[in-house]
Amino acid sequence: MVLKLGIVGAGIMGAHHCRIATALPDVEVAAVVDPDPHRGRALADHVGAVYAPTIEALFGTVQAAIVAAPSEHHADIGVELLRGDIDLLVEKPIATTLEDAKRLVAAADERRRILMIGHVERFNPAVAELPRLVDDLIHIDIRRVGPFSPRVDSDVVLDLMIHDLDLVRTLVDADLVRVHALSRRVHSSTQDFAAVLLRFANGVSATLTASQASQTKQRQIELTQRGNVVVADLLHRQVTVHRVEHAEFVDEDGPRYRQNSVIEIPYLDGSGEPLAREQRHFVRCVRERTAPLVSGADGLAALELALRVRDESLREELGV
């Protein structure tokens with residue numbers, strides 16, 4: 001049976017989702033919704049779908065929808081679609097306020113519909129491997145940096161760092177007890193750079209850096225553990241485990257440090273981009289009525305942490 005899918009939002013992410021959905025077996029992009037008729041109709045025509053300026057066109061037409069509209073509209077759009085018994089994949093962040101996020105989660109629970117949040121890094125093979133490698137974790141260090149783009153004027157915490165705050169939550173099974181954060185405005189009117197130190201009740205700490213003011217693009221996670229160091233390169237979807245076998249100071253030709261390590265490189269199935277993996281998972285959840293990997297509750301928890309970090313960084317920036 002063909003699953004009829006609606007795409008809400010014809011911007012960059014909406015176009016990516018359309019591209020992927022048209023290649024999925026037994027999935028039809030039935031409609032594209034966007035208030036801009038030129039942009040919306042162009043994308044709809046490209047994938048052979050119906051264009052509509054409002055979401056009312058989706059009711060009775062599609063079984064599921066992907067919401068890739070601006071984040072501040074996620075809750076209003078999502079609640080209306082859920083009440084129309086349409087299963088949803090909502091791009092991250094789930095919303096821009098906790099009140100809106102809770103409304104969305106409550107609507108999904110009330111209607112018993114699928115609500116999945118698009119934290120796409122969860123579907124990166126390198127990230128998916130990390131929970132299996134956690135063993136006596138001490139510290140997590142994550143860098144998500146890249147060059148500035150004039151077309152982007154987004155909050156670096158809610159747009160970039162929220163991915164990594166979500167990942168830290170999945171790797172550390174403990175309550176957060178302390179947050180230190182700072183941010184800076186470099187090229188735009190919003191925060192372009194943010195650095196955060198988190199401390200958890202079990203003693204694990206995490207440092208996160210997000211920047212859209214760097215000259216290089218980097219997506220890296222490093223787990224420091226008592227028996228090894230795990231390094232994940234999210235751009236190349238690779239994981240390397242460094243196990244220290246022997247370490248000593250030697251005095252030959254002056255004081256030096258010698259370390260013998262064993263390097264392990266787990267095999268990862270790197271086929272398919274993470275966004276395609278995410279969308280296939282969503283379609284499977286809709287068809288099989290199973291809980292998604294990233295639920296509405298997960299999206300709410302990630303947003304709550306991101307807002308806490310953003311507020312702390314703003315207080316530091318203002319000196320209050």
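- Atoms CZ and CG, from Arg287 and Asp87 in turn, are 12.0 Å apart once rounded to the nearest 0.5 Å.
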Requested in this report: Take Leu208 and Arg144 through the test side chain to side chain contact (heavy atoms under 4.5 Å, CB included) and record every step on the way to the result.
Outcome: CA-CA 8 Å; Leu208 294 82; Arg144 183 177 297 270; over 6 Å; no
Query raised in the report: Taking it one step at a time, do Arg219 and Arg237 satisfy side chain to side chain contact (heavy atoms under 4.5 Å, CB included)?
Result: CA-CA 10 Å; Arg219 306 284 189 268; Arg237 303 173 201 165; over 6 Å; no
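- For the residue pair Ala10 and Val32, the shortest heavy atom distance occurs at CB-CG1, 4.2 Å.
- Linking ILVMFWY residues whenever their side-chain heavy atoms come closer than 4.5 Å, directly or via other members, leaves Ile142 and Leu303 in distinct clusters.
- Put simply, CZ on Arg83 and CZ on Arg111 are 8.5 Å apart, with the number rounded to the nearest 0.5 Å.
- The number of heavy atoms from other shown groups lying within 6.0 Å of CZ (Arg112) does not exceed 12.
- In this structure the side chain of Leu98 reaches within 4.5 angstrom of the side chain of Leu300, judged on heavy atoms.
- You'll find the side chain of Leu307 reaches within 4.5 Å of the side chain of Leu158, heavy atoms only.
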Report task. Could you please spell out the steps behind the salt bridge (charged side-chain N to carboxylate O under 4.0 Å, His left out) verdict for Arg169 and Glu304? Result -> CA-CA 12 Å; Arg169 286 186 55 255; Glu304 186 171 17; over 6 Å; no
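- A salt bridge is absent between Lys102 and Asp109; no separation between the charged side-chain nitrogens and carboxylate oxygens falls under 4.0 Å.
- Using a 4.5 Å cut-off between side-chain heavy atoms of Ile, Leu, Val, Met, Phe, Trp and Tyr, with links allowed through other members, Leu133 and Val168 fall into the same hydrophobic cluster.
- Contact between Lys4 and Gln63 at its shortest, heavy atoms only, is N-OE1, 2.8 Å.
- At most 12 heavy atoms of other shown residues, nucleotides or ligands fall within 6.0 angstrom of atom NE2 in His46.
- In this structure the side chain of Pro37 reaches within 4.5 angstrom of the side chain of Tyr51, judged on heavy atoms.
- Phe123 and His281 have tilted rings, their planes meeting at an angle from 30° to 60° on a 0 to 90° scale.
- The cluster map of Ile, Leu, Val, Met, Phe, Trp and Tyr, joined by side-chain heavy atoms under 4.5 Å apart, puts Val172 and Ile162 in different clusters.
- With a 6.0 Å radius and a threshold of 12 heavy atoms from other residues, nucleotides or ligands, Asp85 has its CG atom above the threshold.
- With a 4.5 Å cut-off on side-chain heavy atoms, His119 and Asp298 do not count as touching.
- Residue-environment remark: CD (Gln225) exceeds the threshold of 12 foreign heavy atoms within 6.0 Å.
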Report task. Give the intermediate values and the outcome of side chain to side chain contact (heavy atoms under 4.5 Å, CB included) for residues His73 and Val8. Result -> CA-CA 11 Å; His73 301 305; Val8 182; over 6 Å; no
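- No path of Ile, Leu, Val, Met, Phe, Trp and Tyr side chains, each step under 4.5 Å between heavy atoms, connects Val120 with Val90, placing them in separate hydrophobic clusters.
- Of all heavy-atom pairs between Ala181 and Val196, the closest is CB-CG2, 3.9 Å.
- Between the CG atom of Asp192 and the OG atom of Ser211 there is a distance of 7.5 Å, given to the nearest 0.5 Å.
- Ala75 and Arg103 get closest at one heavy-atom pair: CB-NH2, 3.5 Å.
- More than 12 heavy-atom neighbours from other residues, nucleotides or ligands sit within 6.0 angstrom of CG on Asp136.
- Look at Arg132 and Glu129 and you find a salt bridge, because one of the NZ, NE, NH1 or NH2 atoms lies within 4.0 Å of a carboxylate O, short of that distance.
- No side-chain heavy atom of Leu43 sits less than 4.5 Å from a side-chain heavy atom of Asp34.
- Closest approach of Leu223 to Ile221, counting heavy atoms only: CD2-CG2, 3.9 Å.
- By the neighbour-count criterion of 12 heavy atoms within 6.0 Å, atom NE2 of His139 is densely surrounded, having more than that number from other residues, nucleotides or ligands.
- If you chain together hydrophobic residues whose side chains sit under 4.5 Å apart, Leu3 and Val47 fall into the same group.
- Atom CG of Leu81 sits about 9.0 Å away from atom CD of Glu56, to the nearest 0.5 Å.
- Judged as a salt bridge (Lys or Arg N to Asp or Glu O under 4.0 Å), and not counting sequence neighbours, Arg280 has no contacts.
- Distance SG/Cys285 to CG/Leu293: 8.5 Å, rounded to 0.5 Å.
- Within the 4.5 Å cutoff, side-chain heavy atoms of Arg122 are placed close to those of Leu167.
- Of all the heavy atoms in Ile117 and Ser295, the pair that sits closest is CG1-O, 3.4 Å.
- In this structure, the side chains of His242 and Val231 come closer than 4.5 Å at one or more pairs of heavy atoms.
- Here OG1 of Thr209 is found 12.0 Å from CG of Leu160. Values are rounded to the nearest 0.5 Å.
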Report task. Check step by step if side-chain hydrogen bond (donor to acceptor under 3.5 Å, both in side chains) holds for Thr216 and Gln218. Result -> CA-CA 6 Å; Thr216 59; Gln218 186 179 13; 5.2 Å; no
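- Lys92 has a carboxylate O that lies under 4.0 Å from a charged side-chain N of Asp159, or vice versa, which qualifies the two as a salt bridge.
- When side chains are defined from C-beta on, Glu278 does not count as touching Val294, because their heavy atoms never get closer than 4.5 Å.
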Query raised in the report: Where do Val157 and Ser183 land on the side chain to side chain contact (heavy atoms under 4.5 Å, CB included) test, with the steps shown first?
Result: CA-CA 9 Å; Val157 175; Ser183 63; 5.7 Å; no
